[in-house]
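Indexing begins at 1, ligand by ligand and atom by atom, following the structure's order. Residue numbers count from 1 along this sequence. Side-chain atoms are counted along with the backbone in the values below, which use heavy atoms only and exclude waters and symmetry mates.
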Amino acid sequence: MSDRILAAVMAGPRQPIDIREFDRPALPPGAALLRTARSEVCGTDVHLWHGRLSGVPYPIVPGHVSAGTLENVRGPVHGIDGSDLREGDRVVFFDVHRTCGRCRACAVHRTPTRCPHRRVYGITDSAADGLFGGWSQAIYLEPGVGIARLPDRVSVDDYIGGGCGLLTAVHIIERATLRPGDTVLVQGTGAVGLSTIALARLCGASTVIAIGAPAPRLALARRMGADLVFDLDASSSDQRLETVRGVTYGEGIDVVVEAAGSARAFEEGLMLARDGGRYVVAGHYTDAGPSTVNAHHQINRKHLDIRGCWGSEPGHFLRALTFLERYAGTVPWSAIGERTYSLNQLDEALADAEAMRITKALVDPWASA
Ligand SMILES: [Zn+2]
Ligand SMILES: [Zn+2]
């Protein structure tokens, strides 16, 4: 790798992506430089491009989940999986860094994903600070970043196909306190919803139902483990409620997961959950506007347990790797990543993601197109 590194920069909302050259960074002790093999364009990147996330220090190098090979290590550097890391290792890293461990969110409430000091590669790190995103030929891994070896049997495309959606899904299943035999309904068939379907199935759900669109994502939802899928555009909420009650002794669903980011989806989820059920809300990563709730009928009398799910922790990252190592041969995570784009094609990738023409766009920063 030369001393000049190419990266795609998002200068601000709705700005065309431009390619800039960065100097190869000097590494302090404990830091590493990752040669990027793959990164991704996820729903968050579309939100960033729309300017719908607060506190983003544009210009940024997007791409918060990435995989590659360690190009330089100023060692010793230890992985959070317990490994000693060396140049040439195939690794991935946890995108959240600088979680402080000392603030009230971290130390008192034990909710580290709400730590005000935490930063996220590709989202809350500025390009002015360096190569903190995956839409780049190399990524600077500062001291303290959680790095792990990619298990030999896991391909880069499996890892990035799961990507941030798989980490989120691990957290969702944890928040849901899923029990063997639970019925699970997932609203949304994007990357988060698809991985949630797979994990619910692997974690012992009895029936897994998905609501989503368009048709190719519904076909993939079935391959990920859904027993029953509803096309959002071809069925009414009344039809869905009637069908769900028909397969649950008239009760409704044990665990509903919102991974759609729609105010209407939240209203429907309250109806689909059974009395005493659990409802995990994970898709409202940006403000999708208010929902109408009847607190008496839908929460209080229903004894409903509603749980938010924000971000992920190092344990979710490591357990996502464990799932991939064990199940990548049987769960088609690599199929979520539908097309690979070069740095020069990222405007097109964002437009394709925005229009839902593809399930997930992958980025190969070394491709020459
Ligand atoms: Zn903190
Ligand atoms: Zn993401």
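If you put the vertex on the Zn ion (ligand 1), SG of C100 and SG of C106 sit 120° apart, to the nearest 10°.
With waters neither drawn nor counted, the protein N/O/S atoms under 2.8 Å from the Zn ion (ligand 2) amount to 3.
A salt bridge is defined here as a Lys NZ or Arg NE, NH1 or NH2 lying under 4.0 Å from an Asp or Glu carboxylate O, and E348 with R339 meets this definition. Using a 4.0 Å cut-off between charged side-chain N and carboxylate O, R274 and D254 make a salt bridge. Taking a cutoff of 4.0 Å between a charged side-chain nitrogen and a carboxylate oxygen, R90 and D152 do not qualify as a salt bridge. At a threshold of 4.0 Å, the pair R201-D227 counts as salt-bridged, since one of the basic side-chain nitrogens sits closer than that to a carboxylate oxygen. By the 4.0 Å N-to-carboxylate-O rule, D238 lies too far from R240 to be salt-bridged with it.
Applying the ring-ring contact (aromatic ring centres under 6.0 Å, His included) test to residues at least two apart or on different chains, none of the pairs has a partner in residues 334-362.
Residue contacts to the Zn ion (ligand 1): H117 brings no N, O or S atom closer than 2.8 Å.
By the 6.0 Å and 45° rule, R38 does not stack over the aromatic ring of W366.
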